Each structure stands twice: as C-alpha cells, then as structure tokens.
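The figures that follow rest on heavy atoms only: side chains count, while hydrogens, waters and symmetry mates do not. If you're wondering where the values come from, they're calculated on a predicted model, not measured in any experiment.
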Amino acid sequence: MLLSKRSLYGIRAALFMASQPGSAYISVREISTRLDISQHYLPKVLQDLTRAGITRSHRGPLGGIALTRPPENITLREIIVAVEGIPHPDQCPIAIAECSAENPCTFCRRWKAARDRCGDLFDETTIADVNESLQLDSLTLSATQTSMTSS
C-alpha cells in the first residue's frame with residue numbers, strides 16, 4: 001500500500017509535533033518550513049487532523065497546532081483515515097471491470113492479503129513507535145520526501 005502525499009504529510013506533521021518537548025502549540029509555518037511542506041497545502045491536512053480530534057489548533061501569537069493525545073495513543077491508521085477517509089477495499093486497484101468482491105481477479109486476491117498486512121501494521125503502529133524507532137536508529141525526520149509515495 002502506497003501512501004498518498006496527504007497521508008505522508010499528516011504522519012510527518014504528527015511525528016514532528018510528537019518530537020517536540022512539552023505539549024506547546026507549534027506554528028504551522030514552523031512545521032511547514034522544517035518539513036519542507038507547502039504552507040498552502042499543509043493547513044488543509046492539519047485541518048483534517050483537527051476535525052478527527054488528533055490535533056487541536058489555537059489562533060494568536062502563541063497559537064499553532066498540537067496533538068490532542070499522547071503519541072502512544074495515535075495510530076498511523078487514524079491519521080491516514082483522517083486525511084483520506086475510509087478506504088474502499090472492494091475496488092480493484094487496477095480497474096478490471098469484471099473484478100468484484102464476490103468474484104475477485106487474481107491480482108485482487110493477492111492484493112487483499114498484502115493490504116490486510118499493511119492495514120494491521122498501520123493499526124498496530126503509533127506515532128510514539130515511529131519516533132522511538134527514529135531515535136533508536138539515530139535517524140531524523142527528513143525535510144525531503146521519499147519517492148515511495150503516490151499522489
């Protein structure tokens with residue numbers, strides 16, 4: 001399962017917020033600058049996270065955005081669903097007209113198993129888990145995106 005830009009931006013923004021000391025609000029501009037995400041696009045993703053109750057926002061000079069819960073209580077799945085909506089698992093990803101949930105094509109039968117494994121991973125993995133992995137491996141959240149995404 002490839003992540004869309006929206007999902008990747010939402011996850012990266014949540015990781016950045018979780019990596020900051022305390023639970024202070026962080027300006028959208030700072031997140032945008034530090035992660036090299038468009039200042040016009042990022043607020044739309046963050047608005048989706050706020051609507052889903054993952055983040056909260058506050059206006060004013062000391063305002064910004066913050067996580068509503070500890071990072072260990074926010075899964076990657078929650079973020080993906082907040083910015084993408086609930087996926088449609090019965091749609092054939094390669095658009096075979098005759099493919100359906102009742103009569104899946106060969107690719108869809110194989111895809112379902114892989115998609116289910118990815119779904120389990122996203123359900124089980126929290127923002128805290130990813131940040132811990134970054135620290136254990138001495139990695140940092142890059143300002144540039146990976147090429148493993150789709151739009």
Side-chain angles (χ1 to χ4, degrees), residues 1-20 26-57 64-151:
M1 176 190 283
L2 299 178
L3 296 176
S4 70
K5 270 187 185 180
R6 290 181 65 78
S7 292
L8 182 61
Y9 287 170
I11 291 169
R12 293 177 71 228
L15 287 168
F16 182 77
M17 287 181 263
S19 71
Q20 302 306 299
I26 303 166
S27 77
V28 175
R29 176 174 282 168
E30 180 179 356
I31 297 170
S32 172
T33 300
R34 296 283 295 278
L35 299 180
D36 194 27
I37 300 173
S38 164
Q39 285 188 29
H40 299 289
Y41 192 69
L42 182 60
K44 295 173 187 173
V45 174
L46 295 175
Q47 187 176 47
D48 290 338
L49 295 179
T50 299
R51 277 192 204 115
I54 297 168
T55 58
R56 65 181 181 270
S57 62
I65 192 145
L67 297 175
T68 59
R69 310 186 292 252
E72 51 275 351
N73 294 335
I74 301 171
T75 66
L76 298 183
R77 167 79 68 158
E78 286 181 86
I79 294 170
I80 294 166
V81 169
V83 299
E84 296 294 329
I86 297 172
H88 301 286
D90 295 336
Q91 289 181 326
C92 180
I94 55 175
I96 304 292
E98 296 82 10
C99 181
S100 67
E102 299 79 30
N103 188 28
C105 67
T106 302
F107 179 81
C108 281
R109 283 192 296 275
R110 293 175 58 204
W111 172 244
K112 181 184 181 321
R115 186 188 68 228
D116 290 348
R117 284 193 308 272
C118 284
D120 291 345
L121 180 64
F122 292 143
D123 282 335
E124 297 165 2
T125 305
T126 67
I127 293 299
D129 294 333
V130 177
N131 269 342
E132 183 179 321
S133 295
L134 291 172
Q135 289 175 356
L136 286 174
D137 295 333
S138 299
L139 303 172
T140 57
L141 192 56
S142 173
T144 55
Q145 297 180 57
T146 66
S147 59
M148 295 288 295
T149 62
S150 65
S151 295

Do [X] and [Y] have side chains that approach each other closer than 4.5 Å (heavy atoms only, starting at C-beta)?
X	Y	value
I80	F122	yes
I74	T126	no
I127	L76	yes
L46	M17	yes

> Are D120 and R117 ion-paired here, with the side-chain N under 4.0 Å from a carboxylate O?
Replying inline: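 No salt bridge links D120 with R117.
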> Is K112 salt-bridged to D116, cutoff N-O under 4.0 Å?
Replying inline: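 Looking at D116 together with K112, the answer is yes, because their closest N to O distance falls below 4.0 Å.
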So, for [X] and [Y], which heavy atoms are closest and what is the spacing to 0.1 Å?
X	Y	answer
A14	L67	O-CD1, 4.0 Å
L49	G10	CD1-O, 4.0 Å
C99	P104	SG-CA, 3.8 Å
T75	E78	N-OE2, 2.9 Å

> Judged by modelled atom types alone, do T106 and R109 share a side-chain donor-acceptor pair under 3.5 Å?
Replying inline: yes
> More than 12 non-hydrogen atoms from neighbouring residues, nucleotides or ligands closer than 6.0 Å to CZ on R69, yes or no?
Replying inline: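 Yes - once you tally the heavy atoms of other residues, nucleotides and ligands closer than 6.0 Å, there are more than 12.
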> Counting distance only, does the side-chain N/O of T55 pair as donor-acceptor with the main-chain N or O of A66 below 3.5 Å?
Replying inline: no
